[in-house]
Amino acid sequence: MNKEVLGLLALGLWSLMSFVFSSCETEQLETKDPRPKTKDQRPKTNQTMTNLTFGIIKPDAVRAGKTGSIIQRILDADFQIRGLKLIHMTRQEAEGFYDVHRERPFFAGLTEFMSSGPCLVMALEKEGAVKAWRDLMGATDPANADEGTLRKAFGATVGENATHGSDSEENAAIEISYFFSKLELV
Ligand code: IDP
Ligand code: MG
């Protein structure tokens with residue numbers, strides 16, 4: 001056999017091997033990946049914000065070790081958790097989030113508090129989620145919150161009141177997209 005034939009044979013063999021390996025790899029990836037293959041097959045919550053609200057377990061409650069208890073209360077109230085992560089906001093990020101309150105006298109204290117430690121941001125789903133979550137949280141000032149609400153149980157003052165909740169479906173969508181990318185919502 002001359003060098004040219006040997007070269008051709010080697011090239012042929014190499015192509016065959018790479019083809020076999022690459023199809024094995026694809027097969028493995030396909031069988032390992034449990035996600036639906038097309039966008040249309042993704043759960044509806046990935047395409048619409050209906051029945052979603054946005055919540056925060058604020059730094060005071062995280063610091064006090066109340067995260068687990070509050071999440072249990074959320075699950076007991078039949079919310080589905082569609083997004084969840086622990087973050088530590090910078091002052092600037094807190095200011096951006098509470099921009100509507102920029103002119104209020106408590107803005108500086110609020111944004112200092114919200115950037116004072118880690119908090120848990122959440123996308124919550126339930127029929128009528130915005131109202132259901134605000135009902136579960138209770139009044140802004142824990143002193144005025146009903147028995148059985150989260151702010152009554154875990155809030156200390158009107159400023160450090162354990163949880164945040166959106167006040168409308170429109171704001172829920174804005175607030176969810178402030179903290180979560182589409183891929184982080186299930
Ligand atoms: P909400 O959280 O019940 O929707 P907002 O009026 O939207 O209440 O106020 C946003 C947050 O600002 C409150 O959750 C609380 O942390 C803080 N806040 C509201 N009012 C006061 C106040 O009078 N003093 C200090 N902090 C306040
Ligand atoms: Mg509000």
Would you say N161's side chain and T140's backbone share a donor-acceptor pair under 3.5 angstrom?
-> yes

Output the rest of the hydrophobic cluster of L150: all Ile, Leu, Val, Met, Phe, Trp and Tyr residues reachable through side-chain heavy-atom contacts under 4.5 Å, sorted by chain and number.
-> I57, V62, I70, I71, I74, L75, F79, I81, L84, L86, L120, M122, L124, W133, L136, M137, F154

Hey, are R73 and D76 close enough for a salt bridge, meaning a charged N less than 4.0 Å from a carboxylate O?
-> no

Check: G155 main-chain N/O paired with K58 side-chain donor or acceptor under 3.5 Å = no

Which residues satisfy the ring-ring contact (aromatic ring centres under 6.0 Å, His included) test with F107, sequence neighbours excluded?
-> none

Would you say I87 and P118 make side-chain contact, with heavy atoms under 4.5 Å?
-> no

Would you say the ring centroid of F113 lies under 6.0 angstrom from that of F106?
-> no

For the residue pair F97 and H164, categorise the inter-ring angle as parallel (less than 30°), tilted (30 to 60°) or perpendicular (more than 60°).
-> perpendicular

Under 3.5 Å donor-acceptor, R134 side chain and G165 backbone = yes

Under 3.5 Å, is there a donor-acceptor pair between the side chain of S115 and the main chain of T111?
-> yes

Hey, does the side chain of K182 reach the backbone of S177 with a donor-acceptor pair shorter than 3.5 angstrom?
-> no

Output the distance between atom CZ (F180) and atom CD (E175), rounded to the nearest 0.5 Å.
-> 11.5 Å

Does E184 come within less than 4.0 Å of K85, counting only side-chain N to carboxylate O?
-> yes

Look only at the side chain of Y98 and the backbone of M114, and say whether a donor-acceptor pair between them is shorter than 3.5 Å.
-> no

Answer yes or no: is there a donor N or O on one side and an acceptor on the other, between the side chain of R151 and the main chain of P142, under 3.5 Å?
-> no

Using atom types as modelled and distance alone, determine if a side-chain donor or acceptor of E93 lies under 3.5 Å from a backbone N or O of T90.
-> yes

